[in-house]
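Below is one structure, written out as structure tokens; the observations come after it.
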Amino acid sequence: MRTTISQWAALAVLCAVASPAAAADPPKILPQAIRVAADGPAVEVVVPQAELDTSINVDNAGMGFGLIGVAVDAKINSDRANAASTGISALRMTLLDFDVDQAAIDTTKTALASLPWSHTHDVNFTRDNSVDGAVDYLSTSTASQAAFVSYHYEMAPDFSAVKISVVVAIADKSALPPETKIEDRLKPRNLAYRQTITTVAPLAKPTTGGENAARWAANNGVLLHKALSASFADLCSMIPRTLALTDADLKAMSAKDRKSIAGVSGTVIEDGPNGLILFDGTGLIHVQSQLE
Amino acid sequence: MGVNVSSWRALALAVVVLSPSKSIAAPLIMGPLYSEPKVSTPAPNGTEGESRKMRQATLPAPPTCVLNVVELSDVRRDPQMVGLWRSAIKAPVDRAAWLRSVIQTGFRARGFQTSFGPSEAAPDAVQVKIALRSIWLKPIATNKTGSVIMRMSAGRGSLGPERFYRADVTNVNWWGSQSEFNDLSNLIFARVLDSMTVDLRPLCPGSPVADTAAPAPVQSTHVSDAR
């Protein structure tokens, strides 16, 4: 959520009269045209952060109470942001020798190499996840398709788990009329494919945020290193598994029973010694076994 | 639905503020050069020992202390990017000049003279090798936050071991303007320079400060600025 104080106030005025328009979702099944393309997509790995991120539960309960409500929300969110920043600093220090960017690049290469259609080229790396950045890459790429593999790694608001989310989005230049503007090719309705893959490494028996953070940071962050290494290794198999899903798979997964755990929820696809795999409608979520 | 004039004005204001106009979505370019923050920052959260070190860092270095920067590098992946706010937050076009100004202006404000390159070395100069390892600015709810990590080795005669210096600052994101984020980056650089100064001052010839404590492998400061 990217909001200034001034926008928050304006949003309070607008919320009663505006409603978000529904956007067309891109396909969640990889089109056959991509699977049989001769050259395979150009691949860009996007890591729009330099350090382990922290998240907060954004408070907007005051939105319906005018400017006073907005001010209360802003104070609550400011306090939560400061508390999260305080707790995350020690964890970030322990990751100075953990090259997450390289792990993301290696994971992408390994995951795509296992797919017969990908013909993986060298991957490009960027921190820029803006539309302008993607337009630049798409317009300079000579391949007919471009795959954007975007990573986001963060701690849960109460430091009870570390989570990596990957969004795989593929833009297919050849599938749209030639006159389609480059920026329009990146609009959700024009993407050839988009799926999210999430892996969650939860702490066993979490308590308070401060204590949880201390457990991750202990012994120079050995538990955090272990969680990140396991999560990237997990993504090496979860990404190709997701890309191989068929329409029948999605329908079958959506029909199963739902479950909530470690801050995520979805229908249960697998429940075994390696953890739980859920499907939340946007993609697969692997909640790994708890870390002691 | 009854709507009075003031409601329409408020609505118009809201539309203007929330509309992603071309200028709002354009990348924010930092710099072009570092400037020392004018407003003092709150003391960082930390132990009494850290606070003591920070107070010492505000003292001027001995007047003859020269820092000879034998190497200044930017080792970041994708060095044009320094953060994200609606669109990209980018480093100045002349990144070398920007980084050099951080060292030159920042250490001058802390009582050092700086020279760059081995040919400019004074006989008693403290030699330093500095790398910018990371800088990242971003929003978090209604705040903006950022961090800087620098790596430095220093010594007289020969360089000592490399150490990391990290600082982060979180404060209110009022407008999300270029100057707001630029001020934030300067503030974080200043906190990192404070930490580096603590380790550099004892190396100066005739330094009155004898810091006998073994240096930690990393220095980290966190500032939550409510302004």
Side-chain angles (χ1 to χ4, degrees), chain A residues 1-18 47-51 53-60 70 73-90 92-94 96-97 99 101-102 105 124-133 220, chain B residues 1 3 7 10-11 13-18 25-27 45 76-78 80-88 90 133-149 151 164 166-177 180 217-226:
Chain A
M1 187 79 178
R2 301 169 180 182
T3 321
T4 59
I5 291 290
S6 54
Q7 283 180 306
W8 203 254
L11 201 57
V13 177
L14 263 190
C15 65
V17 294
V47 183
Q49 60 193 102
E51 294 186 284
D53 228 338
T54 181
S55 57
I56 64 168
N57 294 318
V58 175
D59 177 72
N60 55 13
V70 167
D73 281 347
K75 175 72 172 95
I76 291 171
N77 290 329
S78 177
D79 289 348
R80 287 178 182 174
N82 281 326
S85 296
T86 303
I88 202 78
S89 291
R92 287 171 173 165
M93 295 306 293
T94 69
L96 285 173
D97 59 348
D99 192 343
D101 301 337
Q102 190 60 51
I105 293 168
N124 186 52
F125 176 89
T126 183
R127 292 210 187 285
D128 189 355
N129 72 345
S130 68
V131 173
D132 287 348
N220 203 27
Chain B
M1 181 173 139
V3 182
S7 299
L11 188 60
L13 171 67
V15 169
V16 167
V17 171
L18 285 170
N45 301 333
R76 294 172 300 142
R77 223 184 284 262
D78 198 1
Q80 283 77 30
M81 292 288 294
V82 299
L84 285 164
W85 160 245
R86 294 188 188 140
S87 187
K90 296 198 169 183
R133 162 77 180 266
S134 167
I135 172 172
W136 197 250
L137 313 173
K138 64 169 196 134
I140 177 168
T142 49
N143 287 7
K144 58 186 182 300
T145 186
S147 65
V148 167
I149 302 171
R151 198 175 62 200
F164 287 104
R166 181 187 180 283
D168 57 73
V169 175
T170 300
N171 58 24
V172 172
N173 188 11
W174 291 105
W175 300 100
S177 62
E180 235 186 298
V218 289
Q219 290 262 18
S220 178
T221 61
H222 164 70
V223 176
S224 295
D225 183 355

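Lettering of chains follows the sequences in order, A, B, ..., and the numbering in each one begins at 1.
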Interatomic spacing from CD in B:Gln80 to CG in A:Asp128 - rounded to 0.5 Å:
10.0 Å
Between A:Glu51 and B:Ser147, a side-chain donor and acceptor under 3.5 Å
yes
Give me the atom names and distance for the closest heavy-atom approach of B:Trp136 to A:Pro48.
CZ2-O, 3.4 Å
Using a 4.5 Å cut-off on heavy atoms from C-beta on, say whether the side chain of B:Lys138 contacts that of A:Gln49.
no
Interatomic distance, CD1@B:Ile149 vs CE@A:Met93, rounded to 0.5 Å, equals 7.0 Å
Under 4.5 Å from any heavy atom of chain A - which part of B:Arg133
side chain
At a heavy-atom separation under 4.5 Å, does A:Asn220 approach chain B through its side chain, its backbone, both, or neither?
neither
State the CG-CE distance between A:Asn129 and B:Met81, to the nearest 0.5 angstrom.
7.0 Å
Separation of A:Ile88 CD1 from B:Thr170 OG1 (nearest 0.5 Å):
11.0 Å
Considering only NZ, NE, NH1 and NH2 on the basic side and carboxylate oxygens on the acidic side, decide whether A:Arg127 and B:Asp78 come within less than 4.0 Å.
no
